[in-house]
Amino acid sequence: MIGDLFARMRHGDRNALSRLLSHIARGEFVDDIRSLLIPSPQAPSARVIAFTGSGGVGKSTLIGRLIPLVRAANRKIAVLACDPQSPLSGGALLGDRFRMGSTSDDGVFIRSLAALSGSSGLAKHLDLMIDALEAFGFDVIFLETVGAGQGDVAVGHHADALVLLLQPESGDDVQWEKAGVLECADVIVIHKADLPTADQTMAQVRAAIDLSPSHHIPILRVSTKLNQGHAELWQALESLPARRLRPSIARRLFQHLIESQECHLRELEAEANAELNKLLADWQAGTLSTVDAARRLSALFSRSLLASADVALRDGLAPGSRSPKASG
Ligand SMILES: Nc1nc2c(ncn2[C@@H]2O[C@H](COP(=O)(O)OP(=O)(O)OP(=O)(O)O)[C@@H](O)[C@H]2O)c(=O)[nH]1
Ligand SMILES: [Mg+2]
């Protein structure tokens, strides 16, 4: 049943994508979905950008204004708005705002997560939602999140880039600085730059950043009210270097490796160790899926581990020590 839904989603059925996201948000069929969604090096990868900042700093309005720029660059965009604090605004509001200024567009998908999932367990499955959106074919994924400090840094771990929004006169810059978030940001936006004290805020943030090791972070002034600064922001985001592998993906591959290690420990038989190069070559060429590659890799590791442990025990050496027999 999840397999069907997944297949429909892969064929561009937005309804199926929506239902899949709902299952993920509710923590249903998560293992099945995870095994269907294991990323592969051949799959086109989306650029994931997280927007964070205090409630009311203007994340939704800003994202709403960036969407047309992303579309003008011929990219398909999905937005996941995570706002556990205020489930009634967040993504729903963003969706309304965007729809106000635009007709329905197949290249845009907006999903409020708060309305689905409440506050718990969201971060846990965010990776999976991102993978689903990526598998559907979105080129750009925006995450909107609200919170203070640590939580936002954590959201940054799901993304290729973290954009921190600050607004004049909120004192937020001090709060973010304390939490170490200023330094985790890839781009800092002084939003609502139309407000009179924007220059002052800009100077304070610049002073804080200049003293830190991350003094190269771009700081941009944006006013959504005056429609200023969005093109520069999008350009800054586009020119950020792509991360080759999101940490979340690496973690999941690793987790998968460990899980399949357990399954395959008992299936070991003596086979040629030259398999390793062949296996990696097949995986890179796309003729071997990531799931199968991980399974076979773990089987190989298990075998050599057992062989060396066996030799070590017989020779009275600690496991892992090299002996002529173990290397054979
Ligand atoms: N002066 C000014 N106000 C703005 C600007 N952009 C947004 N606002 C206002 O700021 C308020 C909050 O905007 P949202 O986009 O809902 O802010 P948010 O950060 O998404 O809020 P939450 O999702 O609740 O955390 C709204 O009343 C906007 O009209 C701007 O550039 N200048
Ligand atoms: Mg919002």
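Note that ligands are numbered from 1 as they come in the structure, with each ligand's atoms numbered from 1 the same way.
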**Q.** Per-atom contacts, ligand 1 versus Ser223 - under 4.0 Å to a heavy atom
**A.** 31 (O)
Q | Arg8 with Asp4: basic N within carboxylate O range, under 4.0 Å | A | no
**Q.** side-chain hydrogen bond (donor to acceptor under 3.5 Å, both in side chains) partners for Ser18, two or more places apart
**A.** Arg111
Q. Is there an N/O/S atom in Thr61 that lies less than 2.8 Å from the Mg ion (ligand 2)?
A. no
Q: Return yes when Gly53 approaches ligand 1 closer than 4.0 angstrom through a heavy atom, no otherwise.
A: no
Q: Fit a plane to each ring of Phe142 and Phe51, take the angle between them on a 0 to 90° scale, and name the class: parallel (under 30°), tilted (30 to 60°) or perpendicular (over 60°).
A: perpendicular
Q: Enter the distance from Arg19:CZ to Leu21:CG here, rounded to the nearest 0.5 Å.
A: 12.0 Å
Q: May I ask you to list the atoms of ligand 1 that are less than 4.0 angstrom from any heavy atom of Asp194?
A: 1 (N), 2 (C), 30 (C), 31 (O), 32 (N)
Q.
At less than 4.0 angstrom from any non-hydrogen atom of His191, what atoms of ligand 1 do you find?
A. 6 (N), 31 (O)
Q) Would you say ligand 1 has an N or O under 3.5 Å from any N or O of Ala193? A) no
Q.
Under the rule for ring-ring contact (aromatic ring centres under 6.0 Å, His included), what residues qualify as partners of His230, not counting sequence neighbours?
A. none
Q: From atom 13 (O) of ligand 1, work out which of Thr224, Leu195, Val222, Thr61 has a heavy atom at the shortest distance.
A: Thr61
**Q.** Atom name, Glu144 (N, O or S, nearest to the Mg ion (ligand 2))
**A.** OE2
Q. So is Gln167 close enough to ligand 1, meaning a heavy atom under 4.0 angstrom away?
A. no
(Q) Once rounded to the nearest 0.5 Å, what's the spacing between atom CD1 of Ile63 and atom CD1 of Ile110? (A) 9.0 Å
Q: State whether the number of non-hydrogen atoms from other residues, nucleotides or ligands found under 6.0 Å of Gln235 atom CD is greater than 12.
A: no
Q.
As a check for students: among Glu144, Lys192, Lys59, Gln228, identify the option with a heavy atom nearest to atom 23 (O) of ligand 1.
A. Glu144
